[in-house]
Amino acid sequence: TGSSRPQRLLKAVQRNAAKGDPQSVISAIDYFCRHSEWAMNVGDEKGSILDSVVSEVSPTTALELGTYCGYSTVRIARLLPPGASLITLEFNPDYAAVARQVIAHSGLQDKIHLVEGPSGDSIPKLKERFGITSLDFVFLDHWKDRYVPDTKLLEECGLLRKGSVLLADNVICPGAPEYLDYVRNNPRYESRYFQSHLEYTNVEDGLEKSVFLG
Ligand SMILES: O=C(NCCc1nnc(-c2ccc3[nH]cnc3c2)[nH]1)c1cc(-c2ccc(F)cc2)cc(O)c1O
Ligand SMILES: [Mg+2]
């Protein structure tokens, strides 16, 4: 059997990116996805919006739902302040195996905790496992039908505090209509839509930023 797309993406990183240089890892993945094979990373256009929100929040504790190959994991971790950390949840063991190597190549592994398993199982264990009281920033980029149940779970587990920022990818394509409905019609959230495009295409997509009001 041949290699998978994530494995070919990893090879492109190992060949073209400088070890210990997160920006070159990001550029190598974007180049691969534009010129070789499309892959479902947040990409450079939406990635710039992600960067600006992460920089604005400057989170001490951040959570990512859906690691995939680790592209947005590296994008977020490279902007974290000293001593801050990013927890990223991945369900698919093949994706997780590739992501660990992409993260290692970037040199940011000390800032990142990759947890394998279903988000519904991992979220309730985050407090005890990582000694956190609340999350400053959450990036939702996993299965789109998990956005609402996992947001409710974060609330129920007391992981959100006044001012916690949620940023959700793909709210237009593939789409997360129930999530948009949930955060836009909920008095406990202040939401804003950032229009952009589906990674590496000119198809409309965007990010929804929602601040939890407590
Ligand atoms: O499905 C996506 N992303 C999700 C992958 C994932 N990777 N990991 C998970 C996971 C699922 C449960 C989990 N529970 C705990 N961790 C989990 C992780 N899900 C996705 C799809 C597209 C896309 C657009 C247009 C197309 F024509 C085809 C595809 C674009 C994107 O930006 C995406 O993010
Ligand atoms: Mg996405």
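As the structure is a computational prediction, the values presented were derived from the model and not from experiment. We count ligands from 1, going down the list as the structure has it; atoms in each ligand are counted the same way.
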Q) Can you find an N or O of Cys173 that's nearer than 3.5 Å to an N or O of ligand 1? A) no
Q) Do Thr67 side-chain atoms and Ala96 backbone N/O form a donor-acceptor pair below 3.5 Å? A) no
Q: Give the cluster check for Ile87 versus Leu154: same hydrophobic cluster or not, with ILVMFWY residues linked at side-chain heavy-atom distances below 4.5 Å.
A: yes
Q: Look at atom 3 (N) of ligand 1 and say which protein heavy atom is nearest, naming residue and atom and giving the distance to 0.1 Å.
A: Lys144 NZ, 3.4 Å
(Q) Give me each pair satisfying salt bridge (Lys or Arg N to Asp or Glu O under 4.0 Å) with a member in residues 77-105, each pair once, sequence neighbours excluded. (A) Asp51-Arg78, Arg100-Glu116
Q: With atom 34 (O) of ligand 1 as the reference point, say which of Val42, Asp141, Asn41, Asn92 has the nearest heavy atom.
A: Asp141
**Q.** Min side-chain heavy-atom separation Ser48-Arg75 under 4.5 Å
**A.** yes
Q | Leu167 side chain reached by Val54 side chain, heavy atoms, under 4.5 Å | A | no
Q | Side-chain cluster (under 4.5 Å, hydrophobic types only) that Phe91 belongs to, other residues | A | Trp143
Q | Residue, atom name and distance, where the atom is the protein heavy atom closest to atom 30 (C) of ligand 1 | A | Glu199 OE2, 3.2 Å
Q. Between Tyr200 and Asp30, does any side-chain donor sit less than 3.5 Å from a side-chain acceptor?
A. yes
Q.
Can you tell me how the ring of Tyr95 sits relative to the ring of Tyr68, calling it parallel under 30°, perpendicular over 60° and tilted otherwise?
A. perpendicular
Q: List nothing but the number: protein N/O/S atoms under 2.8 Å from the Mg ion (ligand 2).
A: 3
Q: Have a look at Tyr71 and tell me which of Ile29, Val102, Ile76 forms a side chain to side chain contact (heavy atoms under 4.5 Å, CB included) with it.
A: Ile29
**Q.** Residue Leu198 vicinity, atoms of ligand 1 by number, heavy atom under 4.0 Å
**A.** 24 (C), 25 (C)
Q. Tell me: protein heavy atom nearest atom 10 (C) of ligand 1, and distance?
A. His142 CB, 3.6 Å
Q) Given that the side chain starts at C-beta and the backbone is N, CA, C, O, which of these parts of Ser119 lies under 4.0 Å from ligand 1, counting heavy atoms, or is it both or neither? A) both
Q.
If we only consider heavy atoms of Gly117, is any one of them less than 4.0 Å away from an atom in ligand 1?
A. yes
Q. Based purely on interatomic distance, does Lys46 place a nitrogen or oxygen under 3.5 Å from a nitrogen or oxygen of ligand 1?
A. no
Q: State whether the side chain of His197 and the backbone N or O of Glu45 hold a donor-acceptor pair below 3.5 Å, judged by distance alone.
A: no
Q.
Counting non-hydrogen protein atoms only, what is the nearest one to atom 1 (O) of ligand 1? Give residue, atom name and distance.
A. Met40 SD, 3.8 Å
Q | Under-4.0 Å protein heavy-atom contact, atom 7 (N) of ligand 1 | A | yes
Q | Polar side-chain atom of Tyr179 near backbone of Lys144 as donor-acceptor pair, under 3.5 Å | A | no
**Q.** Per-residue contact class, Glu90 against ligand 1 - non-hydrogen pairs under 4.0 Å
**A.** both
Q: Examine the side chains of Arg184 and Ser191 and answer whether a donor and an acceptor come within less than 3.5 Å of each other.
A: no
Q: Would you check the N or O atoms of Asp169, main chain and side chain alike, for any that come under 3.5 Å of an N or O of ligand 1?
A: yes
Q: Looking only at protein heavy atoms, identify the closest one to atom 11 (C) of ligand 1 and say how far it is in Å.
A: Trp143 CD2, 3.2 Å
(Q) Starting from Phe137, can I reach Leu63 by hopping between I/L/V/M/F/W/Y residues whose side chains sit under 4.5 Å apart? (A) no
Q. Can you tell me which residue and heavy atom of the protein come closest to atom 26 (C) of ligand 1, and the distance to 0.1 Å?
A. Trp38 CH2, 4.4 Å
Q.
Run the ring-ring contact (aromatic ring centres under 6.0 Å, His included) test against Phe32 and tell me which residues pass, sequence neighbours left out.
A. none
Q) For ligand 1, which atoms, with element, lie under 4.0 Å from some heavy atom of Pro118? A) 14 (N), 15 (C)
(Q) Could you tell me, atom by atom, which parts of ligand 1 come under 4.0 Å of a heavy atom of Leu89? (A) 16 (N)
Q. Atom 31 (C) of ligand 1: which of Ile172, Asp205, Asn170, Val115 has the nearest heavy atom?
A. Asn170
Q. Considering only the protein, which heavy-atom contact is closest to atom 13 (C) of ligand 1, and what is its distance?
A. Phe91 CB, 3.3 Å
Q.
Applying a strict under-4.5 Å side-chain criterion to I, L, V, M, F, W and Y, I'd like to know whether Met40 and Val13 cluster together.
A. yes
